[in-house]
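A, B, ... follow the sequence lines: proteins, then strands. Residue 1 opens every chain. Bear in mind that the values here come from a model prediction, so they are computed numbers and not experimental data. In what follows, every heavy atom counts, from backbone to side chain, and hydrogens, waters and symmetry copies are set aside.
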Protein chains: 2
Amino acid sequence: MENSCELCIYRSYLFDNLNKKEFANLTLTKTELDFKKGEIICREGEKILHFLYLKQGLLKIYKTVGNRREQIVGITKPKDFIGLLSSFSEKEHLYSISALEDSSICIIEMESIKRIVRENGDFALDLLGKMSKLNSQILGSRLTINLKNLRGRTAYIILMFKDIYHSLKFEIPVSRKEIGELIEMRTENVIRILSELRKDKIIKIEGKSFEIIDLHRLEQIAEFG
Amino acid sequence: MENSCELCIYRSYLFDNLNKKEFANLTLTKTELDFKKGEIICREGEKILHFLYLKQGLLKIYKTVGNRREQIVGITKPKDFIGLLSSFSEKEHLYSISALEDSSICIIEMESIKRIVRENGDFALDLLGKMSKLNSQILGSRLTINLKNLRGRTAYIILMFKDIYHSLKFEIPVSRKEIGELIEMRTENVIRILSELRKDKIIKIEGKSFEIIDLHRLEQIAEFG
DNA sequence: CGCGGCTTTGATGTTCATCAAGTAAAGTGG
DNA sequence: CCACTTTACTTGATGAACATCAAAGCCGCG
């Protein structure tokens, strides 16, 4: 695992606007942490002390509601800021975050980031844009999901994984139960509809191995379901 | 209508971090516009050219989906930035906005705001925070609504109007149909459940006049419904 | 080996959307 | 200002979509 920020493949994505000195100062306070699949990165209600950045892996952002039900708010892909949803406005995390796959996370003191925002206008503007984008995406996906019926939601989530893995064939990193939490369905219905899609020869599934056979029809279902 | 930014009651809320010169430059490009109830401020897909700020009134942010159904994303109260959800990341408005009440909106060139973000770090940081807050609120309310049954949603929206008007008695600015769009219910069910709540002596309603009789029970319903 | 969690299928029940139909209110044009 | 049209509001009846319940097989793990 390459641990130098200088050489990080994402350096230019987020920190392109920083000069040498700013960048050096930033890396001083930076830590990189690895989390195993299933581990919890932070819990709803904990103090926000760090700015979190997903270098590698996949995370879920979720909320525990009432009696041990979980509602997944979104999935974080590499290059996403984690918890950015609220880092600049809240004192405590609004959502919990855990690793769906083994993941590497870069951790920077919140104060360091704030200092750079104050000192470097281009960085500030860029960060505003990225944050705005992430929020739009998450809100948009929630609105979209709620308009669809169960078949449409299921197709939507399969297509989402296709986009994450850039392939028609992939291993999903989540259980059927977690799929349900992501798209607001009961586990039983997730399974039922996956079976239907299999019988209709739209997908192949075996455990967590998924393969999309008829992409066009799947997209139709996601669109009009 | 007082048109000077110097004297605006909200000046300190948003522009407290600006020095005299910055503030003067900003006000040069500023316009204030009045919209009548029902008028459309912007449409989904239009170019974002301005930074919009709600001075007075009430707006709805919504999306037209498929065959002339509307989905309301949120309600904007005075002091909220409008369309801030996406101003810094998108070229076009993601949502349409219209006036629920007669409203005054301050319009500032997007470029002016961006310049200040670049030049004034404290302003940038403050804006990041406010934007983050607004996004959290909107996302939170969507998540909350989707967990509730129809009774719970109806109670929730009544309580929201209570908070907007700071009173147990108010005139709602929306039709039954619009309430439905706000909380993802059919118009008929909105009416049915409002009638139930009336029969249960929890609220009094007559047309658009609402009065909360039993606040405690209403809160219970909103919480556990 | 047995326990608990995940997966699967079928049967049953509830909630809510849809359909239908009628009244009231509000805008429109002659 | 009144007939006319349209839009909002209201209630009841029906059906579809989805949640819940139940039961059984499977797998990993202590």
Exercise for review: Decide whether B:Gln71 and B:Glu184 meet the rule of one side-chain donor and one side-chain acceptor closer than 3.5 Å.
Suggested key: yes

Taking N or O atoms only and anything under 3.5 Å, show me the protein contacts with nucleotides 26-30 of chain D, one pair per line.
none

Send over the distance from [X] [atom1] to [N] [atom2], rounded to a whole Å.
X        : N      : atom1 : atom2 : result
B:Ile145 : C:dC16 : CD1   : C1'   : 17 Å
B:Lys177 : D:dT7  : NZ    : P     : 10 Å
B:Asn146 : C:dC16 : CG    : P     : 12 Å
A:Leu147 : D:dA17 : CG    : C1'   : 16 Å
B:Lys148 : C:dC16 : NZ    : C1'   : 18 Å
B:Ile205 : D:dT10 : CD1   : C1'   : 11 Å

Check your understanding: Among D:dC9, C:dC16, D:dC18, which nucleotide sits nearest the side chain of B:Asn149?
Key -> C:dC16

Exercise for review: Consider the side chain of A:Lys208, meaning its heavy atoms from C-beta on, and name the nucleotide among C:dT7, D:dC9, D:dA19 that approaches it most closely.
Suggested key: C:dT7

Study note, to complete from the structure: Test side-chain hydrogen bond (donor to acceptor under 3.5 Å, both in side chains), reference B:Glu70, set B:Lys177, B:Lys63, B:Lys60, output is B:Lys60

Exercise for review: Tell me which residues in residues 183-201 of chain A put a heavy atom below 4.0 Å from DNA chain C, sorted by number, or none.
Suggested key: A:Glu188, A:Ile191, A:Arg192, A:Ser195

Review point. Is any side-chain N of the basic residue among A:Lys30 and A:Glu32 closer than 4.0 Å to the acidic one's carboxylate O?
Key: yes

Point to revise | Sidechain N-carboxylate O distance under 4.0 Å for B:Arg176, B:Glu188 | key: no

Review point. Parallel, tilted or perpendicular: which describes the rings of B:Phe15 and B:Tyr53, with under 30° parallel and over 60° perpendicular?
Key: tilted

Check your understanding: What pair of heavy atoms forms the shortest contact from B:Glu178 to B:Ile72, and how long is it?
Key -> O-CD1, 3.6 Å

Review point. Taking side chain as C-beta onward, heavy atoms only, is B:Tyr62 less than 4.5 Å from B:Glu181?
Key: no

Exercise for review: Can you run down the salt bridge (Lys or Arg N to Asp or Glu O under 4.0 Å) pairs that involve residues 148-164 of chain A, sequence neighbours left out, and say none if there aren't any?
Suggested key: A:Arg151-A:Glu196, A:Arg151-A:Asp200

